[in-house]
Number of protein chains: 2
Amino acid sequence: MISKKTKYAINALVYLARRWEQGPVLISEIARAESIPQKFLEAILLELKRAQILASKKGKGGGYFLIRAPQEVSMAEVMRLFDGPIALLPCTAHRYYERCEECRNEHLCGIRDVFSVVRAATVRLLKNATLSEIMRREEALRNQPLPGEF
Amino acid sequence: MISKKTKYAINALVYLARRWEQGPVLISEIARAESIPQKFLEAILLELKRAQILASKKGKGGGYFLIRAPQEVSMAEVMRLFDGPIALLPCTAHRYYERCEECRNEHLCGIRDVFSVVRAATVRLLKNATLSEIMRREEALRNQPLPGEF
DNA sequence: GGCTTAATCTATCAATCTGGTAGAGTAGTA
DNA sequence: TACTACTCTACCAGATTGATAGATTAAGCC
């Protein structure tokens with residue numbers, strides 16, 4: 001499961017994606033709109049700024065804003081930033097790779113083999129899950145009949 | 001990432017799957033072979049017994065053993081037992097479903113939509129990742145040239 | 001220049017989870 | 001009945017999670 005911090009980050013990013021190229025948005029506004037504790041959100045936005053996803057402007061008329069196109073920000077990147085590896089086992093991760101000390105020959109490990117497949121599938125989907133993809137799907141859902149109604 | 005506890009459980013289960021229908025195996029033997037702290041392993045095996053995956057026999061000649069065919073024990077089940085939901089978001093889980101309180105209409109949520117797809121793919125793969133599948137893959141790896149060598 | 005605004009930094013905190021240890025108790029088997 | 005091996009209870013250190021408080025710095029405006 002992703003942490004609340006990551007979920008808050010995603011909520012904030014989607015909020016800012018909807019306001020893309022519309023100037024800075026106040027932390028307080030995002031916090032109110034998305035029901036995120038403001039002080040907690042401040043720390044999150046700061047991390048997203050350090051990761052070069054957001055930028056900020058101080059003083060009156062200031063706030064945070066996206067500095068990348070919404071299709072260039074994926075859930076894979078956000079999750080890695082806050083929660084670390086996407087892989088379920090350290091020995092199947094790429095950036096965060098770590099070998100299992102108990103494992104003699106990693107390349108003959110059946111456990112690693114099956115979890116590698118899971119990782120590959122998850123990474124592929126999460127890379128395609130960009131902010132613009134989320135917005136696109138929201139629009140699609142609005143224009144569809146409610147689920148279960150036929 | 002899965003917890004060490006879950007990883008230990010998987011290691012122990014694969015060990016017992018290799019000894020399927022060969023009688024009880026000592027906790028101490030599994031602990032030694034798989035480098036798992038014995039006392040910690042005891043708690044794990046006890047949980048697997050309560051989950052009706054293992055059974056135990058006391059006294060001399062006792063130990064733990066699988067009571068299901070190896071193809072009937074999946075990583076999905078083991079992970080849910082020790083680490084809870086497989087879904088990345090509570091609102092996309094089935095058994096562990098929980099709605100996001102900040103969400104007005106869940107069925108119009110784009111975030112939920114993309115994470116539902118991830119969950120479905122992950123669950124499908126983890127259900128197919130049974131103990132016998134792990135053993136089958138280990139055998140396949142043994143009969144293959146080493147990766148990177150051509 | 002001084003005031004206001006708003007981001008930034010530092011510190012702290014309770015609660016929970018994780019991984020692990022110790023030891024007493026209980027029950028089956030030879 | 002003695003031995004073996006599982007079972008239960010309790011405890012613990014350290015890390016992580018989610019959150020709060022307050023001080024500081026920088027930008028814009030009159």
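Quick note on labels: first sequence line is chain A, next is B, and so on, each numbered from 1. On a predicted model such as this, the values are computed, not experimentally measured, just so you know.
Rounded to whole angstrom, the span from the OH atom of B:Tyr64 across to the P atom of C:dA27 amounts to 15 Å. The CD1 atom of A:Ile27 sits 12 Å away from the C1' atom of C:dC9 (whole-angstrom rounding). Remark: P of C:dG19 and CD of B:Glu34 are 17 Å apart, rounded to the nearest angstrom. Per the geometry, NZ belonging to A:Lys7 stands 17 Å off P belonging to D:dT17, to the nearest Å. Atoms CG (B:Leu54) and P (D:dA5) sit 18 Å apart, rounded to a whole Å. Here D:dC6 presents its P atom at 11 Å from CD of B:Glu29, a figure rounded to the nearest Å.
Residue A:Lys4 is the one, among A:Lys4 and A:Lys60, whose nearest nucleotide of DNA chain D lies closer to the 5' end (criterion: closest heavy atom). For B:Asp83 and A:Leu26, each mapped to the nucleotide of DNA chain C holding its nearest heavy atom, the one lying further toward the 5' end belongs to A:Leu26. For B:Gly59 and B:Phe82, each mapped to the nucleotide of DNA chain C holding its nearest heavy atom, the one lying further toward the 5' end belongs to B:Phe82.
Taking side-chain N and O atoms only, B:Tyr8 has a distance below 4.0 Å to OP1 or OP2 of C:dG20. For the pair A:Lys5 and D:dA19, the criterion of a side-chain N or O lying under 4.0 Å from OP1 or OP2 is not met. When the side-chain nitrogen and oxygen atoms of B:Ser56 are compared with OP1 and OP2 of D:dT7, one or more of them lie within a distance under 4.0 Å. The side chain of B:Arg50 contributes an N or O atom lying less than 4.0 Å from OP1 or OP2 of D:dC8.
Both A:Ile2 and A:Ile86 belong to a common hydrophobic cluster when Ile, Leu, Val, Met, Phe, Trp and Tyr are linked at side-chain heavy-atom distances under 4.5 angstrom. No continuous path of hydrophobic side-chain contacts links B:Ile30 to B:Met135 [ILVMFWY only; heavy atoms under 4.5 Å].
Considering only heavy atoms from C-beta on, B:Leu108 stays 4.5 Å or farther from A:Glu138 through its side chain. Side-chain contact between A:Leu131 and A:Leu13: present, with at least one pair of heavy atoms (C-beta onward) separated by less than 4.5 Å. Counting heavy atoms from C-beta on, the side chains of B:Arg119 and B:His94 come closer than 4.5 Å.
Closest to the side chain of B:Lys58, out of D:dC6, D:dT25, D:dG18, is D:dC6.
In the region residues 37-49 of chain A, proximity to DNA chain C at under 4.0 angstrom, judged on heavy atoms, holds for A:Lys39, A:Glu42, A:Leu46, A:Lys49.
Environment of CZ in B:Arg99: crowded, with over 12 heavy atoms of neighbouring residues, nucleotides or ligands closer than 6.0 Å.
Looking at A:Ser74 and A:Lys127, their side chains never bring a donor and an acceptor atom within 3.5 Å of each other.
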